Protein chains: 2
Amino acid sequence: MATGRTHRPATRSRGIPEATVARLPLYLRALTALSERSVPTVSSEELATAAGVNSAKLRKDFSYLGSYGTRGVGYDVEYLVYQISRELGLTQDWPVVIVGIGNLGAALANYGGFASRGFRVAALIDADPAMAGKPVAGLPVRHTDELESIISDNGVSIGVIATPAGAAQQVCDRLVAAGVTSILNFAPTVLAVPDGVDVRKVDLSIELQILAFHEQRKAGEDVNQPGQGARTTASRTGSTRPAGAAAARDGRKGPDGDVPAVMPA
Amino acid sequence: MATGRTHRPATRSRGIPEATVARLPLYLRALTALSERSVPTVSSEELATAAGVNSAKLRKDFSYLGSYGTRGVGYDVEYLVYQISRELGLTQDWPVVIVGIGNLGAALANYGGFASRGFRVAALIDADPAMAGKPVAGLPVRHTDELESIISDNGVSIGVIATPAGAAQQVCDRLVAAGVTSILNFAPTVLAVPDGVDVRKVDLSIELQILAFHEQRKAGEDVNQPGQGARTTASRTGSTRPAGAAAARDGRKGPDGDVPAVMPA
DNA sequence: ATGTCTTTGTGAACGCGTGCACAAAGATGG
DNA sequence: CCATCTTTGTGCACGCGTTCACAAAGACAT
């Protein structure tokens with residue numbers, strides 16, 4: 001999960017659990033694919049497989065939306081596409097601004113998934129005056145000075161931050177002050193926002209680090225105890241101190257070259 | 001959060017909960033920043049604030065790694081940086097290949113967070129022959145034909161997929177066959193992989209859809225009728241679909257089909 | 001040494017999410 | 001109209017994750 005929710009203690013929004021909301025786009029994608037192939041109905045089992053989830057979970061998720069299935073038959077594909085789209089708020093058009101038109105910002109601007117899903121890129125904004133006017137993905141890049149007026153004029157409520165980490169909080173503040181209440185943050189920083197503003201974070205390097213953890217674990221399984229049965233609940237309580245912890249403490253001395261000292265920009 | 005875990009029923013890897021592992025990179029980032037400012041020690045409260053989490057949660061997370069703090073004082077910044085780096089497997093150098101050098105792939109290649117955090121981009125791979133040899137982020141793009149040999153020669157175990165959705169599964173299969181056991185997938189597709197292979201998914205459009213859901217909820221708190229725009233100023237252009245299932249049932253639903261032909265590529 | 005003060009480490013309770021398993025509902029065929 | 005078969009919708013139990021609250025541990029001053 002490259003995800004990170006800020007605030008919001010897992011509030012059950014209108015009775016729909018957060019975990020379910022996070023899966024609805026997944027279902028929607030699978031359903032849209034079926035729709036394009038003119039498949040009229042689909043069972044929870046088939047759809048679950050296509051979406052990569054458990055069928056019981058899928059049925060429970062749908063039960064939060066209402067009883068949209070027919071027992072013995074399954075779900076009407078078109079109908080379900082509409083219901084989920086409506087629930088997610090995709091039946092309306094959301095104007096979005098992207099701030100920070102570097103490599104990533106340009107990639108986002110060109111991302112087809114936005115336009116095709118109820119989102120419209122209202123403007124691309126960058127702080128570099130040299131970028132101003134330059135067309136990216138068919139849109140002229142606007143300068144940061146125009147940020148407030150762009151948001152106000154277009155009624156933008158969702159902003160995407162693709163700036164360097166150092167500029168993110170400042171951009172965030174301006175977006176919020178101008179009226180944006182939902183932010184998708186690609187900068188590797190924790191954003192501080194007032195209550196009522198949603199922030200979702202996508203952090204590329206964090207995802208890789210999590211993968212590295214599991215990769216290391218796989219590699220170390222052979223070296224250490226190859227025990228398949230090593231998953232006992234034995235170490236549940238008590239300090240599960242790794243055997244090498246004591247030795248590691250010796251290395252405390254200081255400046256090891258191992259530790260990368262450079263933050264990602 | 002742009003994250004999505006595939007498979008793996010929340011296995012508690014070596015006693016460290018998945019949720020904790022996912023937060024370690026966050027702590028590491030905050031700690032590295034402190035380290036650069038030569039801060040010697042930090043309390044759980046301060047660090048928790050910097051990382052954007054609850055202090056009790058942070059202490060419990062660290063307790064899974066061992067007792068690395070000093071009561072009454074806090075945690076030694078340098079020592080903790082090393083411990084977390086080691087736990088995440090970042091004290092070694094992970095060679096990574098990026099497949100699909102479109103907009104997103106190029107952005108990833110240029111992303112500083114990779115190189116500075118124990119990851120090394122071993123190669124950039126693209127299926128387009130016209131791209132071959134072209135330098136991106138200082139590396140010459142290699143053709144897909146070389147995929148297997150690149151992975152084998154460099155001992156790559158982590159692959160990043162930034163191709164269009166249609167090519168993702170095929171690329172994935174080849175990566176896995178060549179020996180890759182961890183995949184970071186940016187293509188909007190559910191990847192099927194054999195046991196033992198980890199897949200993490202980053203899906204840009206899903207994140208936006210989740211934001212839209214909450215945004216709609218905020219806007220519609222007073223209004224019951226769906227499809228109500230949030231901000232009062234601008235008229236929300238668009239497809240305010242005639243409510244009702246009937247309208248939905250006559251072909252062509254929402255924006256348009258999913259699976260954008262052009263991926264974040 | 002002794003007392004005070006700060007901060008960690010964790011036991012325990014609670015709530016959310018997941019998955020099983022099954023009854024109810026409806027389709028379908030005779 | 002009845003029997004059978006398929007698939008939904010959900011009650012229930014279980015486990016993970018989060019949070020509170022506090023005792024234990026150490027630093028520091030006197």
Side-chain angles (χ1 to χ4, degrees), chain A residues 1 3-13 15-24 26-27 40-49 51-77 79-80 83 231-233 235-241 245, chain B residues 1 3-24 26-27 40-49 51-77 79-80 83:
Chain A
M1 176 166 49
T3 281
R5 195 166 56 251
T6 311
H7 278 255
R8 192 169 303 277
T11 304
R12 184 163 290 202
S13 321
I16 301 181
E18 265 300 305
T20 295
V21 173
R23 279 188 295 269
L24 289 182
L26 221 54
Y27 302 145
T41 62
V42 65
S43 72
S44 64
E45 198 67 50
E46 293 169 308
L47 185 55
T49 302
V53 302
N54 180 296
S55 72
K57 192 188 296 184
L58 179 143
R59 287 197 300 276
K60 182 151 290 191
D61 283 342
F62 285 175
S63 78
Y64 290 116
L65 308 182
S67 291
Y68 293 152
T70 305
R71 301 180 188 222
V73 176
Y75 298 92
D76 182 298
V77 172
Y79 184 56
L80 205 45
Q83 288 299 337
R231 293 194 206 295
T232 65
T233 55
S235 62
R236 189 72 172 87
T237 44
S239 60
T240 313
R241 189 73 61 87
Chain B
M1 149 167 92
T3 281
R5 195 167 56 252
T6 311
H7 277 256
R8 191 165 305 274
T11 302
R12 183 162 291 200
S13 321
R14 180 162 146 224
I16 302 182
E18 265 300 307
T20 295
V21 172
R23 279 188 295 268
L24 289 182
L26 221 55
Y27 302 146
T41 62
V42 65
S43 71
S44 64
E45 199 66 51
E46 293 170 309
L47 186 54
T49 302
V53 303
N54 180 296
S55 72
K57 191 188 295 184
L58 178 143
R59 287 198 300 275
K60 179 147 287 191
D61 283 341
F62 285 175
S63 77
Y64 290 117
L65 307 182
S67 293
Y68 294 153
T70 304
R71 298 177 190 226
V73 175
Y75 299 91
D76 182 299
V77 171
Y79 183 55
L80 206 44
Q83 288 300 335

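Just the heavy atoms: all of them, side chains too, but no hydrogens, waters or symmetry mates, feed the values below. In what follows, every chain begins at residue 1, and chains take the letters A, B, ... in the order their sequences are listed. In this text, all values refer to a predicted model and were calculated from it rather than measured experimentally.
Separating the OH atom of A:Tyr64 from the C1' atom of D:dT10 is a distance of 10 Å, rounded to the nearest angstrom. Atom CG in A:Leu58 sits roughly 10 Å away from atom P in D:dG9 (whole-Å rounding). Taking atom CG of residue B:Asp76 and atom C1' of nucleotide D:dA27, one finds them 15 Å apart after rounding to whole Å. Note: OH (A:Tyr79) to C1' (D:dT8) measures 15 Å, nearest angstrom. A:Ile16 has its CD1 atom 15 Å from the C1' atom of C:dG17, to the nearest Å. Per the geometry, CG belonging to B:Leu80 stands 15 Å off C1' belonging to C:dT7, to the nearest Å. Atom pair A:Leu65:CG and D:dT8:C1' shows a separation of 14 Å (rounding to whole Å applied). In this structure, B:Lys57 atom NZ and D:dA21 atom P are separated by 17 Å, rounded to whole Å.
When the nucleotides C:dG9, D:dT18, C:dG19 are ranked by their closest atom to the side chain of B:Ala19, D:dT18 comes out on top. Of the candidate nucleotides D:dT18, D:dT8, C:dT18, D:dT8 has the atom lying nearest to any side-chain atom of A:Ser43. Distance from the side chain of B:Arg59 is smallest to C:dG9 among C:dA25, C:dC20, C:dG9. Across C:dC20, C:dG26, D:dG9, the shortest atom-to-atom separation from the side chain of A:Ala56 is found for C:dC20. Across C:dA25, C:dA27, D:dC20, the shortest atom-to-atom separation from the side chain of A:Arg71 is found for C:dA25. Candidate nucleotides C:dG9, D:dT18, C:dG26 were compared by shortest atom distance to the side chain of B:Arg23, and D:dT18 ranks first. Side-chain proximity of A:Asn54 to the nucleotides C:dA27, C:dC20, D:dT10 is greatest for C:dC20. Here the nucleotide nearest the side chain of A:Lys60, chosen from D:dT18, C:dT18, C:dG9, is C:dT18.
One distance of note links OG of B:Ser44 with CG of B:Asp61; it measures 11.5 Å at 0.5 Å rounding. Taken from CG in B:Leu47 to OH in B:Tyr27, the straight-line distance is 8.0 Å, to the nearest 0.5 Å. Once rounded to the nearest 0.5 Å, the distance linking NZ of A:Lys60 with CG of A:Asn54 reads 10.5 Å. Rounding to the nearest 0.5 Å places CG of A:Leu58 at 9.5 Å from OG1 of A:Thr49.
A close approach under 4.0 Å does not occur between any side-chain nitrogen or oxygen of B:Ser44 and OP1 or OP2 of C:dT7.
No side-chain heavy atom of B:Asp76 sits less than 4.5 Å from a side-chain heavy atom of B:Thr70. A:Leu65 has its side chain within reach of A:Leu24: a pair of non-hydrogen atoms, C-beta onward, lies under 4.5 Å apart.
Within 4.0 Å (heavy atoms only), B:Tyr75 reaches sugar-phosphate atoms of the nucleic acid but no base atom.
Axis angle between the ends of the helix from C:dA1-D:dT30 to C:dG30-D:dC1, five pairs each and rounded to 10 degrees, works out to 10°.
Taking for each of A:Val73 and B:Asp61 the nucleotide of DNA chain D with the nearest heavy atom, the 5'-most of the two is the partner of A:Val73.
Not counting sequence neighbours, A:Arg59 has no partner by the salt bridge (Lys or Arg N to Asp or Glu O under 4.0 Å) test.
In this structure, B:Tyr68 has its ring center under 6.0 Å from that of B:Tyr79.
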